[in-house]
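The analysis underlying the following values was restricted to heavy atoms, covering all of them including side chains, and did not include hydrogens, waters or symmetry mates. Ligands are counted one by one from 1 in listed order, and the atoms in each one are counted from 1 as well.
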Amino acid sequence: MPAASPYAFNPTVTDCLVEKTKGAVPVAAMDKAALKALKKSDKPLFRWAEAAGFTAGAGQVLLVPSDKGGLERVLFGLGDDPAPFLPGKLATALPAGTYALESGFADPRMAVLAFCLGSYRFERYRKQAKDGPRLVCPDGVDLAEVRRIAAGAALARDLVNTPANDMGPQELEDAARGVAARHKARVKVIRGDALLKQNFPMIHAVGRASPREPRLIDITWGKASAPKVTLVGKGIVFDTGGLDLKPSSNMRLMKKDMGGAANMLGLAHMIMDAGLDVRLRVLIPSAENAVSGNAFRPSDILQSRKGITVEVGNTDAEGRLVLADALALADEEGPEIIVDLATLTGAARVALGPDLPAVFCHDDLLSAELMAAGAAENDPVWRLPLYGPYARLLDSKVADICNISGGGFGGAITAALFMEKFVEKTKIWLHGDIFAWRPSAEPGRPEGGEAHAIRALFRVLSSRYAVKS
Ligand code: BES
Ligand code: MG
Ligand code: ZN
């Protein structure tokens, strides 16, 4: 028996979903037409709805008392054109208790998923007194599947929400070990000066100004003979910008700069929990982009693992530097697919807003699959081009390449093109530039750290590498 791991895997989930129980309060979803029909079929209920101002508007909740004064049922308004995650509203609007979807939910799996994702709360520093509602998993919805997705998303959110004082490279490593231990995966970590000895100069350069040692976390799982899928996640635990210090408004959210790593750990949990037929590898370059006398500087020229020399045009373009060394390592064994996720550029947010991760990939088939999966899972992504001619914007006069482009035009594209130079052998490389944050709550989507693109990716990987029975 291997010794129990000291590292915990305990994302804030998901006892919000229960198996069939007696006495669950039924919830009926209705649009305006269904409400109108009540006038004939159930006059007293119609009157109660009217008296309480329930018009079946999107997300409206009507509690219906029983004769004995208990809660008999709930009506849930769908409005005119319900968003797929609208039922997530139930997680925040219902009082504590156990409920069951009764009728009117067009896509019960999506409703249950939205409910689970909407039940998430970040309570590490401030417990909420009140219990939340629970939902009976309806027939035909795969409880284990929903749980694994919700757990992966909750893990990503927990890690992003935890501030950098409690989420340094070591704590991120601990979390990675927790996920790995749960699925009996192997973990190797290269820390501090060992990064130099083992040729990860750019991870070291970005992280060396912090007293918290930078590192490369390397998880492997699955049969060596299975198709190799490698996930790479940006793990900058806090991005001050370095010597090119960010202004305070831009720095405010930078605890989330390990959002790529957090999301990849969430996705890795889903893949391993589902037992997909892959040899999975997860690489997380983690560092704190800090300011100190030994910080790397603008104009420094860095060696990279791949041998390409990189001029530092801006120390705030640090994500692509740590990712480049990790991608070079990933590429060395020539896996079938490399996917990286990173909170890489403000430019991607300017282009697509907070909800839509930008994805870059030369492979049209995988791109199309991912866009379709994103739509189906209500985890949308949008493809942007790896437009080759823009690569010249990264030309340096003194090194092989510069880490920023002169004018700043097409910033998300040039960042992607920078990283492309470090992937050579691998057939398919897909890069996602994510926000990993939700500025304000919506049904099924609480404010704060967010899982972006991993439900879509899980769907694609699940169909490509389904468990063989
Ligand atoms: N972590 C940031 C990118 C970021 C900023 C993501 C805000 C989401 C919201 C990244 O390290 C960064 O600072 N990028 C710079 C690059 C620039 C210096 C070329 C940016 O986008 O401004
Ligand atoms: Mg930066
Ligand atoms: Zn960053």
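- Protein heavy atom nearest atom 1 (N) of ligand 1, with residue, atom name and distance: Asp257 OD1, 2.8 Å.
- If you run side chain to side chain donor-acceptor pair (under 3.5 Å) between Lys234 and each of Asp257, Asp433, Asp340, Asp239, only Asp257 comes through.
- Within the 2.8 Å limit, Asp257 places no N, O or S atom next to the Mg ion (ligand 2).
- Judged by distance alone, the side chains of Asp400 and Thr309 do bring a donor and an acceptor atom under 3.5 Å apart.
- Proximity to Thr343 (heavy-atom distance under 4.0 Å) selects the following atoms of ligand 1: 1 (N), 2 (C), 3 (C), 6 (C).
- Nearest N/O/S atom of Asp257 with respect to the Zn ion (ligand 3) is recorded as OD2.
- Rounding to the nearest 0.5 Å places CG of Asp355 at 6.0 Å from CD of Glu442.
- Nearest protein heavy-atom contact of atom 20 (C) of ligand 1 is Gly346 N, 3.9 Å.
- Between the side chains of His204 and Asp193, a donor-acceptor pair is found at a separation under 3.5 Å.
- In this pair, Phe76 and Phe105 present their aromatic rings parallel. The plane angle is below 30°, not in the 30 to 60° band.
- Residue-level proximity to ligand 1 for Met258 is absent, since no heavy atom of it falls below 4.0 angstrom.
- Minimum heavy-atom separation, Thr92 to Gly118: CG2-O, 4.1 Å.
- Note on Asp239: its N/O/S atom closest to the Mg ion (ligand 2) is OD2.
- Side-chain polar atoms of Glu450 and Tyr120 form no donor-acceptor pair below 3.5 angstrom.
- Regarding atom 2 (C) of ligand 1, its nearest protein heavy-atom neighbour is Asp239 OD2, 3.6 Å.
- Heavy-atom proximity to Arg320, at under 4.0 Å, picks out these atoms of ligand 1: 16 (C), 19 (C).
- Between the Zn ion (ligand 3) and Lys234 there is an N/O/S contact shorter than 2.8 Å.
- Shown in contact with Lys256 at under 4.0 Å from a heavy atom are these atoms of ligand 1, numbered in order with element: 8 (C), 9 (C).
- When rounded to 10 degrees, the angle formed at the Mg ion (ligand 2) by OD1 (Asp316) and OE1 (Glu318) equals 120°.
- Applying the side chain to side chain donor-acceptor pair (under 3.5 Å) test between Asp218 and each of Lys188, Arg186, Arg281 identifies Arg281 as the sole match.
- Both the backbone and the side chain of Asp316 come within 4.0 Å of ligand 1, judged by heavy-atom distances.
- The Zn ion (ligand 3) sits nearest to atom OD2 when only the N, O or S atoms of Asp239 are considered.
- Contacts between Met251 and ligand 1 below 4.0 angstrom, taking non-hydrogen atoms only, are absent altogether.
- At the shortest separation from atom 19 (C) of ligand 1 among protein heavy atoms lies Ile404 CG2, 3.5 Å.
- What you find for Val160 and Ala436 is that their closest heavy atoms are CG1-O, 3.7 Å.
- Residue contacts with ligand 1 for Leu344 involve N, CA, C or O but no side-chain atom from C-beta outward (heavy atoms, distance under 4.0 Å).
- Restricting Glu318 to its N, O or S atoms, the one at the least distance from the Zn ion (ligand 3) is OE2.
- Under 3.5 Å, the side chains of Gln170 and Arg215 contain a donor-acceptor pair of N or O atoms.
- Atoms of ligand 1 found under 4.0 Å from any heavy atom of Lys234, numbered from 1 in the order shown, are 1 (N), 10 (C), 11 (O).
- Under the 4.0 Å criterion applied to side-chain N and carboxylate O atoms, Asp174 and Arg177 are not assigned as salt-bridge partners.
- Considering Glu318, Met254, Arg349 only, the shortest heavy-atom separation from atom 5 (C) of ligand 1 involves Met254.
- Between the side chains of Glu420 and His362, at least one donor-acceptor pair of N or O atoms lies under 3.5 Å.
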